[in-house]
There are 2 protein chains.
Amino acid sequence: MIKSGGVTIDYLGKTPLWQQLAEILRGKITSGEYQAGRRMPSETTLVQEYGLARGTVRQAMKSLEDEGLVVRVQGRGTFVVER
Amino acid sequence: MIKSGGVTIDYLGKTPLWQQLAEILRGKITSGEYQAGRRMPSETTLVQEYGLARGTVRQAMKSLEDEGLVVRVQGRGTFVVER
DNA sequence: GAGAATTTGTACGTATGTATG
DNA sequence: ACATACATACGTACAAATTCT
């Protein structure tokens with residue numbers, strides 16, 4: 001069984017870590033794993049899951065927000081936008 | 001009083017500055033002054049200590065990394081490899 | 001309503017990576 | 001080899017908003 005799709009972070013490659021994470025999360029949104037209107041995993045959770053610094057996670061989230069895929073609300077969380 | 005051992009940088013000689021620095025650092029590693037598993041002085045620190053440009057320091061560090069003596073981690077520092 | 005816990009926002013400092021002149 | 005600038009990344013601390021107990 002081959003893990004295809006580059007679902008994991010490549011810490012040695014050229015692509016920035018935050019871009020890789022953004023790509024992963026984008027995939028989980030478009031695939032429906034993260035459903036519209038529902039809350040995404042918190043930054044702290046993602047930090048633990050992927051072993052990245054919070055700033056790096058936030059940069060990935062920021063890019064998703066800029067794309068209009070998610071909205072971030074202080075004190076509440078980050079939510080997948082309805083499409 | 002003569003400084004023997006080439007512990008200082010010779011800015012006029014034929015040997016590249018980065019090679020001289022690499023040699024110095026290599027010595028401090030093998031002698032145990034820079035202990036295995038611990039962090040090396042930062043590039044900025046070495047820049048100040050030896051009066052070299054950062055690019056030159058990086059070239060020296062790169063050579064040490066190629067030799068397997070140290071590993072460099074973005075955002076954390078350069079560490080002496082355990083042997 | 002009070003206080004604790006959670007979550008995102010902001011700021012700073014430090015360090016390595018890359019690019020240009 | 002030097003100088004500069006910016007990007008990427010880690011770590012820490014605290015603030016602000018919301019939710020939970």
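Each chain gets a letter, A, B and so on, in the order its sequence line appears, and its residues count up from 1.
- The side chain of A:R54 approaches D:dA13 more closely than any other nucleotide in the set D:dA13, D:dT8, D:dA1.
- Below the 3.5 angstrom threshold, one finds no donor paired with an acceptor across the side chain of A:E43 and the base of C:dT7.
- Contact annotation: A:T56 side-chain N/O to D:dC10 OP1/OP2 distance is under 4.0 Å.
- Base pairing analysis places D:dA15 opposite C:dT8; the two distances defining the Watson-Crick or G-U wobble pair are each below 3.5 Å.
- No contact: B:G55 has no heavy atom under 4.0 Å from any strand.
- The hydrophobic cluster containing A:V81 does not contain A:I29, counting ILVMFWY residues as joined when their side-chain heavy atoms lie under 4.5 angstrom apart, directly or transitively.
- For the OP1/OP2 pair of C:dA15 and a distance below 4.0 Å, the side-chain nitrogens and oxygens of B:S42 include at least one atom meeting the criterion.
- The NZ atom of A:K28 lies 4.0 Å from the OH atom of A:Y34; values are rounded to the nearest 0.5 Å.
- With values rounded to the nearest 0.5 angstrom, A:I9 atom CD1 is found 4.0 Å from A:I24 atom CD1.
- Judged by distance alone with a 3.5 Å cut-off, a donor-acceptor contact links the side chain of A:Q74 to the base of D:dA16.
- Nearest nucleotide to the B:R76 side chain, out of C:dT7, D:dT19, D:dG11: D:dG11.
- Of all nucleotides listed (D:dC2, C:dT8, C:dG17), D:dC2 comes nearest to the side chain of B:A53.
- Between A:K14 and A:M61, the one whose closest nucleotide on DNA chain C sits nearer the 5' end is A:M61.
- Between the C1' atom of C:dG17 and the CD atom of A:Q19 lies a distance of 14 Å, rounded to the nearest Å.
- Side chain of A:W18, nearest nucleotide from D:dA1, C:dT16, D:dT8: D:dT8.
- Nearest to the side-chain atoms of A:R58 among the listed nucleotides D:dT8, D:dA1, C:dT10 stands C:dT10.
- Taken to the nearest 0.5 Å, the NZ atom of B:K62 stands 10.5 Å off from the CD atom of B:E67.
- Heavy-atom nearest nucleotides on DNA chain C were determined for A:P41 and for B:P41, and the one closer to the 5' end corresponds to A:P41.
- With contacts defined as side-chain heavy-atom distances shorter than 4.5 Å, the pair A:D10/A:T15 does not qualify.
- Residue-to-nucleotide proximity on DNA chain D shows that, of A:G75 and A:Q59, the 5′-proximal contact is made by A:Q59.
- For C:dT14, the OP1/OP2 oxygens have no side-chain nitrogen or oxygen of B:T44 closer than 4.0 Å.
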